[in-house]
Amino acid sequence: MKEQVIVVGLGRFGSSVAREVEALGHEVLATDIDEEVVNEVAPDVTHAVQVDASAEGALASIGAGDVSTAIVGITGNTEASIFATMALQTLGVRTIAKAGSPLHARILERLGADRVVSPEQEAGVRVAHTFNITGVVDYLVVAPTFGIARVVPPPTYVGRTLRDLDLQGRFQLTPIAVSRGGRVVVNPSRDEVLR
């Protein structure tokens, strides 16, 4: 289902989110106080507007209250992040906000942000779980000592079935999907051959 999303703050995080949300087929209103940054993102999103999100009424004036979700990517100016999040909450918009520090995260949570993300901390955790395992491309922590890893199989696994590899018996790994050439096989059989 196509949604209308506003992204407030177009630094590295915000501009990446805006472009990816647009690529996923949603309508994106990208905003930033810096006109140059807005112009850089404008070709890749539905609408792009220069606005000071910390100014009272600024987000309401550009229609932020009409979107389904807001993503606040401001961390360089904590005050602006807090004001923007508060304004969006007042407008009744589901809000995801990026935090630049643990204190910033607690403030955003108290303001009522529906979700607070700390990308640097989350990326650090993923790297810690994968730095010494060859072939791991990404890792999602599900619980302590349990996660989902995206792995490129080593050359010695190519041409062998999951049964032959016995990943569960040898490594306590349960294959949940195999991705091959844009096609995904969910819950692959033990007879699936890795390529």
Side-chain angles (χ1 to χ4, degrees), residues 1-131 136-141 150 179 182:
M1 184 171 135
K2 190 175 205 173
E3 292 191 35
Q4 293 179 322
V5 177
I6 184 170
V7 177
V8 181
L10 300 174
R12 287 187 305 258
F13 174 82
S15 60
S16 294
V17 168
R19 287 181 173 111
E20 189 66 19
V21 169
E22 182 81 24
L24 291 170
H26 303 287
E27 292 181 10
V28 174
L29 170 57
T31 69
D32 197 281
I33 195 169
D34 184 336
E35 182 180 10
E36 187 176 322
V37 173
V38 171
N39 290 337
E40 189 175 306
V41 173
D44 303 323
V45 297
T46 311
H47 302 286
V49 178
Q50 178 189 7
V51 66
D52 180 357
S54 67
E56 189 172 350
L59 292 173
S61 73
I62 60 168
D66 299 328
V67 302
S68 58
T69 303
I71 301 169
V72 179
I74 304 169
T75 54
N77 181 338
T78 305
E79 185 176 289
S81 167
I82 291 167
F83 287 168
T85 302
M86 188 165 54
L88 292 159
Q89 287 296 294
T90 301
L91 293 169
V93 178
R94 176 178 174 262
T95 306
I96 300 168
K98 177 186 177 197
S101 69
L103 176 59
H104 188 193
R106 288 195 305 273
I107 292 168
L108 294 170
E109 287 167 356
R110 289 219 174 147
L111 285 174
D114 298 279
R115 182 173 167 205
V116 176
V117 296
S118 299
E120 290 85 1
Q121 178 186 1
E122 294 164 16
V125 169
R126 285 197 309 271
V127 168
H129 282 273
T130 63
F131 80 95
V136 174
V137 176
D138 202 0
Y139 186 86
L140 172 67
V141 175
R150 183 172 170 225
S179 175

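Bear in mind that the values here come from a model prediction, so they are computed numbers and not experimental data.
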Within this structure, what is the [atom1]-[atom2] distance for the pair [X] and [Y], rounded to the nearest 0.5 Å?
| X | Y | atom1 | atom2 | result |
| --- | --- | --- | --- | --- |
| Ile33 | Asn77 | CD1 | CG | 8.0 Å |
| Gln4 | Leu29 | CD | CG | 9.0 Å |
| Ile6 | Ile71 | CD1 | CD1 | 10.5 Å |
| His26 | Ser68 | NE2 | OG | 8.5 Å |
| Glu3 | Glu27 | CD | CD | 11.0 Å |

Check residues 39-48 and write down every donor-acceptor pair under 3.5 Å in which the side-chain atom is one partner and the other belongs to a residue at least two apart or another chain.
residue, atom, partner, partner atom, Å
Asn39, ND2, Glu35, O, 3.3
Asp44, OD2, Arg19, NE, 2.7
Asp44, OD2, Arg19, NH2, 3.3
Thr46, OG1, Glu22, OE1, 2.8
Thr46, OG1, Glu22, OE2, 3.2
Thr46, OG1, Val28, N, 3.1

(Q) I'd like to know whether CD of Gln121 has more than 12 heavy-atom contacts from other residues, nucleotides or ligands below 6.0 angstrom. (A)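 At most 12 heavy atoms, drawn from other residues, nucleotides or ligands, come within 6.0 Å of this atom.
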Please answer whether the main-chain N or O of [Y] pairs with a side-chain N or O of [X] as donor and acceptor at a distance below 3.5 Å.
| X | Y | answer |
| --- | --- | --- |
| Gln50 | Asp34 | no |
| Asp32 | Val37 | no |
| Thr69 | Val93 | no |
| Asp114 | Thr95 | yes |

Can you name the closest pair of heavy atoms from [X] and [Y] and give their distance?
| X | Y | result |
| --- | --- | --- |
| Phe13 | Gly73 | CD2-CA, 3.8 Å |
| Leu91 | Ala64 | CD1-CB, 4.0 Å |
| Val116 | Ala99 | CG1-CB, 3.8 Å |

| request: Start with the C-alpha gap between Val5 and Val67, add the side-chain angles, then the distance that decides, and say whether side-chain contact (heavy atoms from CB on, under 4.5 Å) holds. | output: CA-CA 6 Å; Val5 177; Val67 302; 5.9 Å; no
- Derivation and outcome, side-chain contact (heavy atoms from CB on, under 4.5 Å), residues Val21 and Val7: CA-CA 10 Å; Val21 169; Val7 177; 5.6 Å; no
Check: residues 79-88 side-chain donor-acceptor pairs under 3.5 Å, at least two apart:
residue, atom, partner, partner atom, Å
Ser81, OG, Ile74, O, 3.4
Ser81, OG, His104, NE2, 2.9
Thr85, OG1, Ser81, O, 2.8

According to salt bridge (charged side-chain N to carboxylate O under 4.0 Å, His left out), does anything in residues 92-109 pair up with another residue at least two apart or in another chain? List the pairs.
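The answer is Lys98-Glu120.
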